[in-house]
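Since we're looking at a predicted model, the values are computed, not measured. Numbers restart at 1 for each chain; the letters A, B, ... are given by sequence-line order, proteins then strands.
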Amino acid sequence: MKVTFPDGSVREFASGTTGLQIAESISSRLAQEVLACSINNEVWDLTRPINQDCTIKLHKWDDEEAKHAFWHSSAHLLAEALQEMYPGIQFGIGPAIESGFYYDVDPGETVIKEGDLAAIEAKMLELAAKKDSLIRRDITKSEALKYFGERDETYKCELINDLEDGTITTYTLGSFTDLCRGPHIPSTEEIKAIKLTSVAGAYWRGDEKRKMLTRIYGITFPKKKMLDEYLVLMEEAKKRDHRKIGRELELFAFSQAVGPGLPLWLPKGTALRTRLEDFLKRIQKNFGYQQVMTPHIGQKELWVTSGHYAKYGKDSFQPIHTPQEGEEFLLKPMNCPHHCEIYKVTPKSYKDLPVRLAEFGTVYRYEQSGELHGLTRVRGFTQDDAHIFCRPDQLKEEFLKVMDIISIIFKALNFENWEAQISLRDPNNKEKYIGSDENWEKSESAIVEACQEKGLNAKVELGEAAFYGPKLDFMVKDAIGRRWQLGTIQVDYNLPERFELEYTGEDNQKHRPVMIHRAPFGSMERFVAVLIEHTGGKFPLWLTPDQVVVLPISEKFNEYAQEVAKTLDKQDIRCIVDDRNEKIGRKIRDNELKRIPYMLIVGEKEFENGEVAVRKQGEGDKGTMKVANFSDIITQEVEKMINQFN
RNA sequence: GCUGUUGUAGCUCAGUGGUAGAGCACUUCCUUGGUAAGGAAGAGGUCACGGGUUCAACUCCCGUCAACAGCUCCA
């Protein structure tokens, strides 16, 4: 048979040759390092015989395919260890994930705790040292059911029953045989370093109505050094946690007295957030938006009309009752009904559209207690919300303009690693959504077309749409790789109908506008959280709460320091003075840790010449210059940044 | 909401069945120092909250609340 290599070269091998043998034929070094292979672009076991002409790619550790196989095999090793340590344990699923793997198990009456993980790790290492191979076997569905049935593996049997008739594969590692598609590494002897990271509950098949299994997470490496490096990396990532930096830099706080999930914005955090809001307001003004303001509550009927109450009412903050008339008001969970009412205040002509109403609107949602997380998931938050009311023929253009705003935001803040997701409705579950099929089809195709037009590589997810319309979301990862949704754009034909929004067309007839809900930041809370983790608290000069700190060498120069600060303040440069009774080295260290971009050191020489000694955060001494000279540099740097998006 | 873990000073964390400790931060004093931690003294805690066991609970048990990791959810 002919085997084609990635470089295009072709070699002849006997039928039945394995990927591993092919690697050996190239070099023994390669054979040692290779973990998996791709045959005709499908990942295979190295030990699986190849019987026909094919292309081959050999995967070493650096390839995702190799890591995936390695971690998948590690999950089997974990299962083997658990089976030996907890007889009668039942197995759910055990896949490889982005970094590492997990296995879902049902240990019956026994509880597996975090404290047990070290013993399980030791067992895994012991089993790995046996150098067992992972052996692939093809069996029929009935054989599989018989095998796992005899072992009371109810979860495995359920999985098998859901499979198509035909060949089913199993893999055997030592005493443990698992239902598994593969592929795997040839032997667990390659697994040299193991860290079981956490144990947590996970519903069987992700269904909260079904049993909660025990999920054990872990990660493994072929070299001990790699695990050490990974652990150091995780430690570094934790230092960027926005909850930690938020406290250190006094940006925000939570108070038990105020309540869970209700953030308090401290002065410095507020300064940062306000600057972001002002930046967006300026961009939106250029894009023809108008700012509005609406109250934090509204009559319950508003959300009955919108459909939100039927869908989320039960799980929300409950209505406020007026003492006399017994009327019901809701803390607003959404701004759209208020904005619809603003639209209705004056009759609209087709010439008025699009109407773009923007508001930094604070909303309240009763998130489940287990969901609260720093600033990323809270119960009271401010959306950088806007609703665009437009004619159907303007929809695509408006959608594209919103995409432009989001791209400006991401560019301005140097967000490079974001992903886009198109969320459509689940075609098999249409009753979960409101609105006509026709409107859904129109909205969904509008989004898909807009993405195509922009050449945006967006992942399509069925069943992820909001109940009133499809959406395009922009996701960014946090310090330890969790994905958060930031910007969102949603097309909506339903609310205009429910609120009976109209405009008079060219034909002098009443027409229904289309609505776009959009929030480029998403929520100020979540965006600031992700920005903190992204920058590690080293905010860009134009955003940072304190841009400059003046450090007098001794108390003799405190007065001059104040004078410098005053001069800079007049130029709208945010400047503080560190006049503590400390040595200059100490002041530098402390302000370095506070991540203030510029330190101005002033002593005898500077005082005499009307100068400052400039020190840049993270870079060190930049020499002395006149105060006016310094303020010009700062002002220009900030203006340059802001103006490029104007 | 579910599973597991945790809760001791503003922060990071020790600690024990006999009513509490460190470092940093804070206050005062000394020092007036030139590019990442000067020195001394002091103040600060209902050991999350509520029950129970015990002669005695911060420590053991139960419950509540909150935080953390994950699951589910996310208009």
Side-chain angles (χ1 to χ4, degrees), chain A residues 102 104 111-117 197-217 238 241 243-244 247-248 250 253-257 259-261 303 306-313 315-316 332-337 363 365-374 376-379 383 385 434 464-469 471 473 480 482 484-485 488 490 492 495 517 523 526 551-558 581-593 599-606 613-624:
Chain A
Y102 66 79
D104 282 349
V111 180
I112 299 176
K113 295 180 181 162
E114 226 149 278
D116 304 322
L117 295 181
T197 45
S198 70
V199 46
Y203 299 109
W204 171 233
R205 305 194 112 178
D207 185 344
E208 65 177 322
K209 290 186 188 68
R210 305 200 62 178
K211 188 162 183 183
M212 181 163 270
L213 305 182
T214 302
R215 175 172 296 179
I216 298 174
Y217 283 91
K238 278 186 196 149
D241 191 317
R243 293 165 296 189
K244 183 177 158 66
R247 191 166 45 228
E248 285 168 359
E250 296 174 34
F254 290 90
S255 148
Q256 281 215 32
W303 290 281
S306 71
H308 289 105
Y309 191 77
K311 181 95 177 160
Y312 296 104
D315 307 316
S316 298
K332 69 178 174 188
M334 291 284 288
N335 301 302
C336 17
V363 297
R365 299 177 184 177
Y366 190 81
E367 303 290 356
Q368 297 185 56
S369 59
E371 277 315 324
L372 300 177
H373 182 94
T376 49
R377 194 81 185 268
V378 287
R379 287 181 173 161
Q383 296 176 315
D385 211 357
I434 59 172
E464 293 293 311
F467 73 96
Y468 54 77
K471 53 183 183 168
D473 289 330
I480 58 170
R482 288 178 291 213
W484 295 99
Q485 179 225 302
T488 183
Q490 312 180 359
D492 187 356
L495 278 192
H517 309 244
S523 89
R526 182 175 289 178
L551 312 182
I553 292 282
S554 82
E555 286 176 356
K556 282 184 238 158
F557 307 104
N558 283 356
N581 178 7
E582 292 292 349
K583 287 189 173 181
I584 197 67
R586 177 53 179 273
K587 292 186 189 182
I588 286 168
R589 180 186 149 80
D590 289 349
N591 287 290
E592 198 67 51
L593 293 174
M599 286 176 240
L600 301 180
I601 291 146
V602 295
E604 186 76 40
K605 283 178 286 182
E606 291 76 16
V614 180
R615 191 179 206 282
K616 202 165 179 182
Q617 207 267 346
E619 292 181 26
D621 197 351
K622 295 283 170 187
T624 58

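Listed nucleotides: B:rC71, B:rG34, B:rA66. Nearest to the side chain of A:Gln256: B:rA66. Among the nucleotides B:rU32, B:rU5, B:rC2, the one closest to the side chain of A:Asn581 is B:rU32. Taking the side chain of A:Leu372 as heavy atoms from C-beta on, and the options B:rC65, B:rA67, B:rA36, the nearest nucleotide is B:rA67. Listed nucleotides B:rA75, B:rA69, B:rA66 differ in distance to A:Phe467; the shortest reach to its side chain belongs to B:rA75. Comparing B:rC74, B:rG34, B:rC71 against the side chain of A:Arg365 picks out B:rC74 as the nearest. Residue A:Val111 has its side chain nearest to B:rG4 when only B:rA75, B:rC71, B:rG4 are considered.
For A:Ser369, a side-chain nitrogen or oxygen approaches OP1 or OP2 of B:rG1 to under 4.0 Å. Distances shown here put a side-chain N or O of A:His373 below 4.0 Å from the OP1 or OP2 atom of B:rA69. Dashed line: the shortest gap from a side-chain N or O of A:Arg247 to OP1 or OP2 of B:rU12 is under 4.0 Å. Side-chain nitrogen and oxygen atoms of A:Arg526 include none within less than 4.0 Å of the OP1 or OP2 phosphate oxygen of B:rC74. Between A:Lys616 and B:rU35 there is no side-chain N or O to OP1 or OP2 distance below 4.0 Å. When the side-chain nitrogen and oxygen atoms of A:Arg482 are compared with OP1 and OP2 of B:rG70, one or more of them lie within a distance under 4.0 Å. An OP1 or OP2 oxygen of B:rA67 is reached within less than 4.0 angstrom by no side-chain nitrogen or oxygen of A:Arg243.
Heavy-atom nearest nucleotides on RNA chain B were determined for A:Val614 and for A:Leu213, and the one closer to the 5' end corresponds to A:Leu213. Along RNA chain B, the nucleotide nearest A:Ile480 and the nucleotide nearest A:Glu464 are compared for position; the residue whose nucleotide lies closer to the 5' end is A:Ile480.
In this structure, A:Met212 CE and A:Arg215 CZ are separated by 9.5 Å, a value rounded to the nearest 0.5 Å.
A:Gly206 comes within 4.0 angstrom of the backbone, heavy atoms only, and of no base. Across all strands, A:Gln368 comes closer than 4.0 Å to base atoms (heavy-atom distances). Within 4.0 Å (heavy atoms only), A:Ser316 reaches at least one base atom of the nucleic acid. Among the protein residues, A:Ile601 comes within range of the nucleic acid bases, having at least one heavy atom under 4.0 Å from a base atom. If you check every strand for non-hydrogen atoms under 4.0 Å, A:Phe254 touches nothing. Within the 4.0 angstrom heavy-atom criterion, no nucleotide atom of any strand lies near A:Arg379. At a threshold of 4.0 angstrom between heavy atoms, the contacts of A:Pro260 are confined to the sugar-phosphate backbone, with no base atom among them. Within the nucleic acid shown, A:Lys587 has no heavy atom closer than 4.0 Å to any nucleic acid atom. Counting any heavy atom pair closer than 4.0 Å across all strands shown, A:Gly603 reaches a base atom. Using a 4.0 Å heavy-atom cutoff across all strands shown, A:Glu582 reaches at least one base atom of the nucleic acid. A:Lys471 comes within 4.0 angstrom of the backbone, heavy atoms only, and of no base. Residue contacts for A:Lys311: at a heavy-atom cut-off of 4.0 Å it reaches no nucleic acid atom on any strand shown. The residue A:Ile112 sits apart from the nucleic acid: no heavy atom pair falls under 4.0 Å. Within the nucleic acid shown, A:Glu604 comes within 4.0 Å of at least one base atom, counting heavy atoms only.
When Watson-Crick and G-U wobble pairs are counted only if both distances are under 3.5 Å, B:rC68 pairs with B:rG4. When both pairing distances are held under 3.5 Å, B:rU19 makes no Watson-Crick or G-U pair with any nucleotide shown. Pairing of B:rC58, defined by two Watson-Crick or G-U wobble distances under 3.5 Å, is not identified with any nucleotide. When both pairing distances are held under 3.5 Å, B:rG34 makes no Watson-Crick or G-U pair with any nucleotide shown. B:rA41 is paired with B:rU27 under the Watson-Crick or G-U wobble criterion, all donor-acceptor distances under 3.5 Å.
Atom C1' of B:rC2 sits at a distance of 34 Å from the matching atom of B:rG15, rounded to the whole Å. The C1' atoms of B:rA57 and B:rU16 are separated by 11 Å, rounded to the nearest whole Å. Between the P atoms of B:rC24 and B:rG38, the separation comes to 11 Å (whole Å). If you take atom P in B:rG45 and the same atom in B:rG52, they sit 27 Å apart, rounded to whole Å. Look at the P atom in both B:rU53 and B:rU59: the space between them is 15 Å, to the nearest Å. B:rG42 sits 43 Å from B:rG4 when the C1' atoms are compared, rounded to a whole Å. Distance noted for atom P between B:rU27 and B:rG33: 23 Å (whole Å). To the nearest whole angstrom, the two C1' atoms, one in B:rC49 and one in B:rU12, are 24 Å apart.
Judged by distance alone, with hydrogens and angles left aside, the side-chain atoms of A:Arg210 form no donor-acceptor pair with the main-chain N or O of A:Tyr203 at under 3.5 Å. Under a 3.5 Å cut-off, the side chain of A:Gln383 and the backbone N or O of A:Ser523 do not form any donor-acceptor pair. At least one donor-acceptor pair under 3.5 Å links the side chain of A:Glu592 to the backbone N or O of A:Gly618. No side-chain donor-acceptor contact under 3.5 Å links A:Lys238 to the backbone of A:Ile480.
For a distance-only test at 3.5 Å, the side chain of A:Glu606 qualifies as a donor-acceptor partner of the base of B:rG34. Side-chain to base pairing of A:Tyr203 with B:rG1: one donor and one acceptor N or O lie within less than 3.5 Å of each other. On a pure distance criterion of 3.5 Å, a polar donor-acceptor pair joins the side chain of A:Arg377 and the base of B:rC73. Between the base of B:rU5 and the side chain of A:Glu114 there is no donor-acceptor pair shorter than 3.5 Å.
Between A:Ile584 atom CD1 and B:rU35 atom C1' the separation is 7 Å, expressed in whole Å. Rounded to an integer number of Å, the gap from A:Trp484 CH2 to B:rC73 P is 15 Å. Between the CD atom of A:Glu592 and the C1' atom of B:rA37 there is a distance of 13 Å, rounded to whole Å. For A:Phe557 and B:rG34, the CZ to P distance is 10 Å, given to the nearest whole Å. Between the CZ atom of A:Arg615 and the C1' atom of B:rU35 there is a distance of 5 Å, rounded to whole Å.
Among the candidates A:Arg377, A:Arg379, A:His373, the single residue satisfying the side-chain hydrogen bond (donor to acceptor under 3.5 Å, both in side chains) test with A:Glu367 is A:Arg377.
Once the 5.5 Å centre distance and the 30° plane angle are applied, the aromatic ring of A:Tyr312 is found stacked with the base of B:rA75.
Side-chain contact between A:Leu551 and A:Val602: absent, with no pair of heavy atoms (C-beta onward) separated by less than 4.5 Å. Side chains of A:Ile588 and A:Ile601 form a contact here, defined as non-hydrogen atoms less than 4.5 Å apart.
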Using the side chain to side chain contact (heavy atoms under 4.5 Å, CB included) rule, take A:Lys113 and A:Val199 through it: C-alpha gap first, then chi angles, then the decisive distance, then the call. CA-CA 7 Å; A:Lys113 295 180 181 162; A:Val199 46; 5.8 Å; no
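Between A:Lys471 and A:Asp473, at least one side-chain N (NZ, or NE/NH1/NH2) sits under 4.0 Å from a carboxylate O, which counts as a salt bridge.
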